Colleague: 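Starting off with a structure, shown below.
One is the number of the first residue; the rest follow in order along the sequence. Please read these numbers as outputs of a predicted model, since none were measured by experiment. Just so you know, ligand 1 is whichever comes first in the structure, and atom 1 is the first atom listed for that ligand.
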Amino acid sequence: MASSTAHHPSVAQQAEIESFQDHLSKSTRILALLGAGLSASSGLPTFRGAGGLWRTHDATDLATPEAFSRNPGLVWQFYSYRRHMALKAKPNPAHYALAELARQKDGFLTLSQNVDGLSPRAKHPEDRLKLLHGSLFDVKCFEFFCNYVERNNYTDPIVPALAIPTSEEDPTTTSALAVRELDISDERVYIPELDYEHLPKCPKCKRGLLRPGVVWFGEALPSGVLSDIDDWMKQKGKVDLIMVIGTSAKVYPAAGYVDAARAKGARVAVFNMDPNDVPASGLYEGDWFFQGDAAQILPEILKPVIGELKEMPDAAAEQDDAVTDG
Ligand code: BV8
């Protein structure tokens, strides 16, 4: 297994890239496991490193039902901020490259841990994309006995109390001209305590709070998604390849699909900025590690199969146009 900075490949690395491309072109059954690193160059923070801290809170501490029970206002401020940032972000060439590969290869299934909606916006074929951890743009009732679910809610802010404060409200701002959004991920920026009254309510039971439609730690993944993947894995024939893209592969059961694919004969190709971030079971002879920014190296390395990425339509922008054109 040879590692290579794919952007300026040396001869050896070029050989690695070509052996991967050769295997990819011959592969019929392919998996991809996506993580936050895929959306890093779209400007969205990852969970590790600086991005892992939101104000003074570890992002994973806020992603639990317990945190929501304790302080639903704070958890909503966290998720409303991420909805806002994800709506402002744009899919990058790696999202489009994977969407194109899914159009080119019938047997290509993508498993995404990302909840930012960027793969769907890059028009990744829906039947070949499994969102393991839900979406920031789905909401559901927090009440145990209420099954209200609402998909594709892009209202930003979802309630007025969650609007991102601007410098206009910031007494230290001098010139009115420079009105800008304040970065509430910085704990030095004041945000109010929000009580129940100001938070989104369930329109069905009229009692419960709405919560983000993501999978929190300690919660089961969507059963339909798990069974669809199991059916795909059980199809006859080996799995030829799994691409592990922009993920630290530390969260389960998502990370478990690397070894599940390997058990079905798959070779593993990792695309990651950090050479230390390989799946827990390590890399074997015949596997690949491509170091670099996914947005740069993925379109490059997949080119023999997907060609040059021409236009990169953004479903959200088209939706806005449709609305405006009426
Ligand atoms: C459950 C949604 C049980 C919310 C998320 C087995 C062993 C150990 C622990 C467990 C286990 N099984 C279960 C557990 C517990 C837990 C778990 O895995 N804990 C971990 C921390 C050890 N799992 C759970 O709780 C799961 N549920 O087990 O339920 C159950 C079963 C039945 C019935 C009832 C209950 C639920 C897990 C899902 C949690 N929700 N997200 C939200 O987003 O707010 S997880 C969330 O964190 C993400 O979705 C993702 O999965 C994870 C973050 O990982 P990454 O995406 O990889 O991001 P990270 O920042 O870590 O890494 C970024 C990588 O990109 C780095 O490698 C970096 O180098 C690289 N990179 C950066 N820039 C670039 C780049 N690469 C390329 N280009 C760049 N430009």
Colleague: Among Leu132, Asn272, Thr60, whose heavy atom sits nearest atom 68 (C) of ligand 1?
Modeller: Asn272

Colleague: With a 4.5 Å cut-off on side-chain heavy-atom distances among I, L, V, M, F, W and Y, is there a chain of contacts connecting Leu87 to Tyr81?
Modeller: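 Yes, same cluster.
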
Colleague: For ligand 1 and Phe78, I'd like to know whether there is a polar contact (N/O to N/O, distance under 3.5 Å).
Modeller: no

Colleague: Say whether Phe271, considering both its backbone and side-chain N or O atoms, lies within less than 3.5 Å of an N or O atom on ligand 1.
Modeller: no

Colleague: Can Gly292 be said to touch ligand 1, with heavy atoms closer than 4.0 Å?
Modeller: yes

Colleague: Check this for me: does any side-chain nitrogen of one of Arg207 and Glu143 sit under 4.0 Å from a carboxylate oxygen of the other?
Modeller: yes

Colleague: Tell me which one of His133, Lys250, Gln296 gets a heavy atom nearest to atom 48 (C) of ligand 1.
Modeller: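 Minimum heavy-atom distance to atom 48 (C) of ligand 1 goes to His133.
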
Colleague: Below 3.5 angstrom, do we get any N/O pair linking Ser248 and ligand 1?
Modeller: yes

Colleague: Any idea which of Pro212, Ser112, Gly134, Gly37 brings a heavy atom closest to atom 74 (C) of ligand 1?
Modeller: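 Nearest option to atom 74 (C) of ligand 1, by heavy atoms: Gly37.
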
Colleague: With a 4.0 Å cut-off on heavy atoms, is Gly218 in contact with ligand 1?
Modeller: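 A heavy atom of Gly218 does come that close to ligand 1.
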
Colleague: Is there a nitrogen or oxygen of Val215 sitting under 3.5 Å from a nitrogen or oxygen of ligand 1?
Modeller: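 Looking only at distances, the answer is yes, because the N/O contact criterion of under 3.5 Å is met.
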
Colleague: Tell me, please, whether Trp76 has Arg83 positioned over its six-membered ring: NZ or CZ under 6.0 Å from the ring centre and within 45 degrees of its axis?
Modeller: no

Colleague: Can you name the closest pair of heavy atoms from Ala102 and Pro125 and give their distance?
Modeller: CB-CD, 3.7 Å

Colleague: Could you check whether Lys303 pairs with Glu18 (Lys NZ or Arg NE/NH1/NH2 to Asp/Glu carboxylate O, under 4.0 Å)?
Modeller: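 The answer is no: the pair does not qualify as a salt bridge.
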
Colleague: Return the minimal non-hydrogen interatomic distance between Ile245 and Ala294, and the atom names on each side.
Modeller: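 Reported closest heavy-atom pair: CG2-CB, 4.1 Å.
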
Colleague: Which option wins on minimum heavy-atom distance to atom 50 (C) of ligand 1: Met273, Gln291, Gln113, Glu219?
Modeller: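 Minimum heavy-atom distance to atom 50 (C) of ligand 1 goes to Gln113.
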
Colleague: With a 4.0 Å heavy-atom cut-off (strictly under), which part of Ser41 contacts ligand 1: side chain, backbone, both or neither?
Modeller: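 No part of Ser41 is near ligand 1 at this cut-off.
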
Colleague: Specify the closest pair of heavy atoms between Pro65 and Phe142, including all atoms of both residues, with the distance to one decimal.
Modeller: O-CZ, 3.9 Å

Colleague: Polar-atom distance check: Ala294 versus ligand 1, any N or O pair below 3.5 Å?
Modeller: yes

Colleague: Could you tell me whether Asn114 and ligand 1 have an N or O pair separated by under 3.5 Å?
Modeller: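 No: no nitrogen or oxygen of Asn114 is under 3.5 Å from one in ligand 1.
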
Colleague: Salt bridge check, Asp116 against Arg82: does any charged N sit closer than 4.0 Å to a carboxylate O?
Modeller: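 Answer for the salt bridge query: no.
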
Colleague: For the pair Arg151 and Asp138, find out whether any cationic side-chain nitrogen is under 4.0 Å from an anionic carboxylate oxygen.
Modeller: yes

